[in-house]
Amino acid sequence: MLRKGLTLAAFGLALVAGPAMAATTQAELKDIHWSFEGPFGKFDQVQLQRGYKVYREVCSACHSMNLMYFRNLGQKGGPFYDPKYPNPNENPYVKSLAHDIQVGDIDQDTGDPVKRPATPADKFAAPFPNEVAAAASNGGKAPPDLSVMAKAREGGPAYIYSILTGFVTPPAGLTIPAGKYYNPYFPGDLSGSWTGSPDHVPQGGVIGMPPPLAPNKVTFDDKTPSTVANQARDVAAFLAWAAEPKMEERKQFGLGAMIYLVIFSVLLWFSYRRIWRNVAH
Amino acid sequence: MSGHSTYEPKTGFERWLDMRLPVIRMAYDTVLTFPTPKNLNYWWTFGGILSLCLGIQIVTGIILAMHYVPHVDYAFNSVERIMRDVNYGWLVRYIHATGASMFFLAVYIHICRNLYYGSYKAPREVLWILGCVIYLLMMATAFMGYVLPWGQMSFHGTVVITNLFGAIPVIGPSITTWLWGGFAVDDPTLNRFFSLHYLLPFVIAGVVVLHIWALHVPGNNNPTGVNVKSKEDTVPFHPYYTVKDGFAISVFLILFGFFVFWFPTALLSPDNSIPANPLVTPAHIVPEWYFLPFYAILRSIPNKLGGVIMMFSAIAVLFVLPWLDTSKVRSMRYRPTIRLYFFIFLLVCLVLGFCGAHEPAEQVIPGVTTFTLGDYDLNTMVWLSRVAALYYFAYFLLITPIMGLTETPLPVPESISEPVLSHPASGSAQAAAASNKG
């Protein structure tokens, strides 16, 4: 809540300061409820599974997740965790998900670079061999890695959701360069390409990413309607998990630690009262 | 004040050791029996809290160093590996990152308690100066620690801060190159900052020993500011203050844990989750909250060298404070006039922090354009920070010396135990006369 408040305050200031100073602006992020909010919030495992599917079938065409291993998908709290397989490397579902992906390796006999199906111990394969190649294929700028994207932007998953669902037709008077797209949630300064009143420069900026999602682009196995909003929400949840895979463990641990500290404090308070009872101070 | 030792070795081994290295005697005299004023309030518990903070930072830091890789290509990912693959690495790292903020929160309360109760005054000047040295070392350590995750804010923050030294005439650029270990912030910079970040906490620990030594010569100040007069004024440190400090530490840990477990990223910039990229500068380079007031002072001066001088002066002025304060009364409990100026000073520090978090040209009251003076728009953060910085220096250089000479303090109790006069509201002319004589 605190973070959200600070974020909103920051955006509020950015908004009011915007027109006068022609600085970076951004529309207020969409308010969306997440299962993992609050002190007891947990990730919704089925949502993470859907989110992984969206990442795998849509995002991974351009965006790497270099910090992720397939085994992460089957670890405790992960989208495909199964209590039957405490070692995620043995989880058959994770194995088969990894098997579908080809990763680069070195032939042990010849030393030649080869492709082989991934195992749970492998990293997610990056879509491009290097950053230059990624930039060259994407209008001159490499798509950012998504491993910690939910921690790397103000608003986190709400930002991701807002961007993904935020593509709108640019208002008349706004010139958008070819190969770029208008998105009010993408921080930017549009005063230079705006021909209307300088007091009403549209919020947001131009983003290099074309609208990635479309209705029914991903088939959800659990009958969840495959709308853009659902795809965006689920992939944002998946990225939130990927950025903080130990969040559930952290909150659970914190609850125990807090109960301990509160009891300890109460005991110390009574000890204090008892020890000091005969001292006027 | 502590008098001679009352320790009596009880076992043969203790007697043997006491003749050779009286460490048990020292521990007994400093921790167990040390006579401590009985009227210390909770503001006095922050010394113990700070020792704990230092301990936490050193222990968690040593564990993090086992997994961290100080190299520009691996630093960011090694921190993420700690978060993902090291057992309880997330806990250790978040305690360490949050711990830095908690350490500064506690040190600021500790410093403000000193200012309010006049603890820096004779005979505790050396104690105070050692505290200022610890504070400086803490700032250096925290700054270098923030560089290590090698995120965007780490990198560009380093560029901004190290470039400040470049403002020094003639030798500035050479100093910057020397600090960097090259001609830009790069791998050598990261490596040496890691080395120093590991070293300085132990230097701090050493100065803390001196700080406690210097505390135990005159003994604690207390909320009345009146010297301890008799044994009735004190209680042994243990169990009276071990239990009181223990309770305060436990409550402090609840606040600490609240951030570690539920808002670990609240005090971190999202930009630092983006790997450092020298070619992309973040839109707003903002230091951690505990540096913001000084950052505001730095930016309030249009000239770079002037800003650097003012920023360092803001800390340097603390060192000479014991000689700027002319008042004979220690505690502001009996100095109602300066107490008001002191509360304004606290507010001004918060205002400076607020200004430091915003762009200098940003408006303070959005949309108001009438506060202009010639070419200057006074309704901007930079002007607010100028006014605040002026008060910051005036408080130490003008208000403190002048008030001490001109104000009329309230009657000060004759002793800590004097119950009737223990509250400022119940003072009498007799006590005033008595305190003037003393």
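These numbers were taken from a predicted model, which means no experiment stands behind them. Throughout, protein chains are lettered first and strands after them, A, B, ... in sequence-line order, and every chain is numbered starting at 1.
B:Phe256 is not listed as a side-chain neighbour of A:Leu261, based on a closest heavy-atom distance of 4.5 Å or more. In this structure, the side chains of A:Lys151 and B:Asn272 stay at 4.5 Å or more apart for every pair of heavy atoms. B:Glu80 places none of its side-chain heavy atoms less than 4.5 Å from the side chain of A:Ser147. Between B:Trp90 and A:Met247, the closest side-chain pair of non-hydrogen atoms is not below 4.5 Å. For the pair A:Met258/B:Ile254, a side-chain contact is recorded, criterion being any heavy-atom separation below 4.5 Å from C-beta on.
B:Glu359 CD to A:Thr24 OG1: the interatomic distance, rounded to the nearest 0.5 Å, is 9.0 Å. How far CG of B:Asp85 is from OH of A:Tyr69: 6.5 Å, rounded to the nearest 0.5 Å.
Smallest separation of non-hydrogen atoms from A:Leu268 and B:Val243: O-CG2, 3.9 Å. Nearest heavy atoms, B:Ile274 versus A:Arg153: CD1-NH1, 3.3 Å. Of all heavy-atom pairs spanning B:Lys38 and A:Val279, the tightest one is CD-CG1, 4.0 Å.
Heavy-atom contacts from other residues, nucleotides or ligands closer than 6.0 Å to CH2 of B:Trp43 number 12 or fewer. Environment of NZ in B:Lys229: crowded, with over 12 heavy atoms of neighbouring residues, nucleotides or ligands closer than 6.0 Å. When the shell of 6.0 Å around CZ of A:Phe270 is examined, it contains 12 or fewer heavy atoms from other residues, nucleotides or ligands. Open room surrounds CD on A:Gln252; 12 or fewer heavy atoms of other groups in view lie less than 6.0 Å from it.
Put simply, the side chain of A:Lys246 gets close to the backbone of B:Arg84: a donor and an acceptor are under 3.5 Å apart.
If you look at A:Trp276 and B:Tyr241, their ring centroids are closer than 6.0 Å.
Between chain A and the options B:Ala357, B:Gly151, B:Ser250, the largest number of non-hydrogen pairs under 4.5 Å is found for B:Ser250. Per-residue heavy-atom pair counts under 4.5 Å with chain A were compared for B:Pro239, B:Ala283, B:Pro275, B:Ala248, and the maximum is reached by B:Pro239. With respect to chain B, the highest number of heavy-atom pairs below 4.5 Å among A:Val148, A:Leu255, A:Asn66 belongs to A:Val148.
For chain B, the nearby part of A:Arg71 is the side chain; its heavy atoms alone come within less than 4.5 Å. Contact of A:Pro39 with chain B is made through backbone and side chain together, with heavy-atom distances under 4.5 Å. No part of A:Val266 comes within reach of chain B, as not one of its non-hydrogen atoms sits under 4.5 angstrom from that chain. Of the two parts of B:Val251, the backbone and the side chain both hold a non-hydrogen atom closer than 4.5 Å to a non-hydrogen atom of chain A. Proximity to chain B (any heavy atom under 4.5 Å) is shown, for A:Glu249, by both the backbone and the side chain.
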